[in-house]
Trainee: 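Take a look at the following structure, please.
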There are 2 protein chains.
Amino acid sequence: MGISQEISYRLERLILDGGLAPGQKIPSERQLAARLGVSRAIIREALHELQGRGVIQTHHGKGSFVASILPATEDLDDRSPLAHLFAGHPRTLYDLLEVREQLEGQAALLAAQRATAMDRHRITKAFRVLESTDPLSNARPDHGFHQAIVEASHNPILVHVLNGLKNMMLLTVQASVANLNPREEMRRSIMRQHKQIYQAIMTGKPTAARKAAMAHVRFVGDSMRTLERQGAKVIRVSLSADATGRGLTPSA
Amino acid sequence: MGISQEISYRLERLILDGGLAPGQKIPSERQLAARLGVSRAIIREALHELQGRGVIQTHHGKGSFVASILPATEDLDDRSPLAHLFAGHPRTLYDLLEVREQLEGQAALLAAQRATAMDRHRITKAFRVLESTDPLSNARPDHGFHQAIVEASHNPILVHVLNGLKNMMLLTVQASVANLNPREEMRRSIMRQHKQIYQAIMTGKPTAARKAAMAHVRFVGDSMRTLERQGAKVIRVSLSADATGRGLTPSA
DNA sequence: AATTGCCAACTGGTCGGACCAGTTTTTCAG
DNA sequence: CTGAAAAACTGGTCCGACCAGTTGGCAATT
């Protein structure tokens, strides 16, 4: 453990322990350097690390300040690179949707072909839950529905891949739920799309199922893109708290 | 936005775009400083920021390495349970081909849309190698060609997913090479398909590229299925050694 | 010939001082 | 007293030096 790590750790402790409140200014780099008996370069490196974690914000000529949006719910996942990945690079969300479109399309197709009675039962159950949940907090039911379909594809590779993307998928699902569902007409569109997927699978229509699933994912992406372009403030989803109230624990 | 922020952003983008894979070593601080025309201090600050976000890890005396940013779609290596799954159930090979068909189709489409001059150069190089290699031992060139295309898609998620499936993909590629290429007419078909994919991408025809790539993967699967059904002794490929004589160690 | 051991050349870690560039405070001329 | 210049902050960037782990090759030893 290097000195800069140690410094950043001490500073973070100081902040979290309440010694420094959100929005408060922290001592200048030169002061910290003198006080802690290290070079200014070290201080700067430590500050950059905290900056990377979103703990502080610095402004040229003014100083560094404790970020107001501290991990209030101290969910470890909040520091997850994933959150920053999406926060810093919104494009990544669309990258994921591009992949999802293909994978979920294929999953739906296979599910329509291969679903057993048990699979159909599970899918139906998930669909019922999805239908009967508060639209504003059904990120998990939504994801559960999609997952049931994937599992019905009986393609272990597909299951494995989608499972690896689980956390990220939950993010996109939440993003869509949080941004799209409040808009009545969009909510209905999505509902309709879910139903189409469901029916196509249950009635064993592979190509229809694939088409519906792909259209669904594409719709989500296009809608969010449109919203973003319109300057609407898109709700950035954090990993630590979602509409369901539960954190996104790492997949097993 | 300061220079260090810009640098850290560029590095992250580089990593995400697949230019640097998880676990891979990134250039030394002095090299980066020289290459990007900034001082080493700036590089260190940028690296500390990425470190704070968990994007990289640095080790004294060794260097900085890309952390596994994305929630592992773990690399299916030799010891992986899934590898055994594959060994025992040949069907898994077709499961993988099903997934590959979608993913590589999408990759080809995006590559045709987004490939930069550099990408085209890399793809062309890979294609040349593929053309001029002994058909019986070109599993790696074959895979290299496909990989070049994937990277040209500029979709980090896609790159990551395919990368996680890399070892298994090498298996299918080897399986196809070992079984299909010895049959003259099939070898020519595959050659032709590769050329089609290549040309569609180079001439910027997205849908054609997707179609060609999907058809290619499908052809491989169908051919092997046919062979197997005909009772031909299908060459089983092991994970630890391939036709090139080299193990499936991660490429540099 | 094989092995051991050491040294040179990497790598990151730390330092101090210099200078630039914004921001705030002080000062002093009008 | 007012307002503008100037001084005294703040962070941002650079340089060159040196310390400290790591590694690989070469040489001396066995």
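The chains referred to below are lettered A, B, ... by the order of the sequence lines, with proteins before strands, and numbering in each begins at 1. Fair warning: this is a prediction, and the values are worked out from it, not measured in the lab.
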Trainee: Just wondering, are more than 12 heavy atoms of other shown residues or ligands nearer than 6.0 Å to CZ in A:R40?
Mentor: yes
Trainee: Enumerate, atom names and distances included, each donor-acceptor pair closer than 3.5 Å involving a side-chain atom of residues 197-204 of chain B, sequence neighbours excluded.
Mentor:
residue : atom : partner : partner atom : Å
B:Y198  : OH   : B:T124  : OG1          : 2.9
B:T203  : OG1  : B:Q199  : O            : 2.7
B:T203  : OG1  : B:A200  : O            : 3.4

Trainee: Are there more than 12 heavy atoms of other residues, nucleotides or ligands under 6.0 Å from atom NZ of B:K125?
Mentor: no
Trainee: Rounded to the nearest 0.5 Å, how far does CD1 of B:I149 lie from CG of B:L162?
Mentor: 10.5 Å
Trainee: How many whole angstroms separate atom CG of A:L32 from atom P of C:dC15?
Mentor: 14 Å
Trainee: Indicate whether the side chain of A:H160 and that of A:N155 have a donor and an acceptor atom separated by less than 3.5 Å.
Mentor: no
Trainee: Each nucleotide in nucleotides 5-16 of chain D should get exactly one letter: B, S or -. Can you fill that in based on protein heavy atoms under 4.0 Å?
Mentor: -----BBBBBS-
Trainee: Please give, in whole Å, the distance from C:dG16 P to A:L36 CG?
Mentor: 13 Å
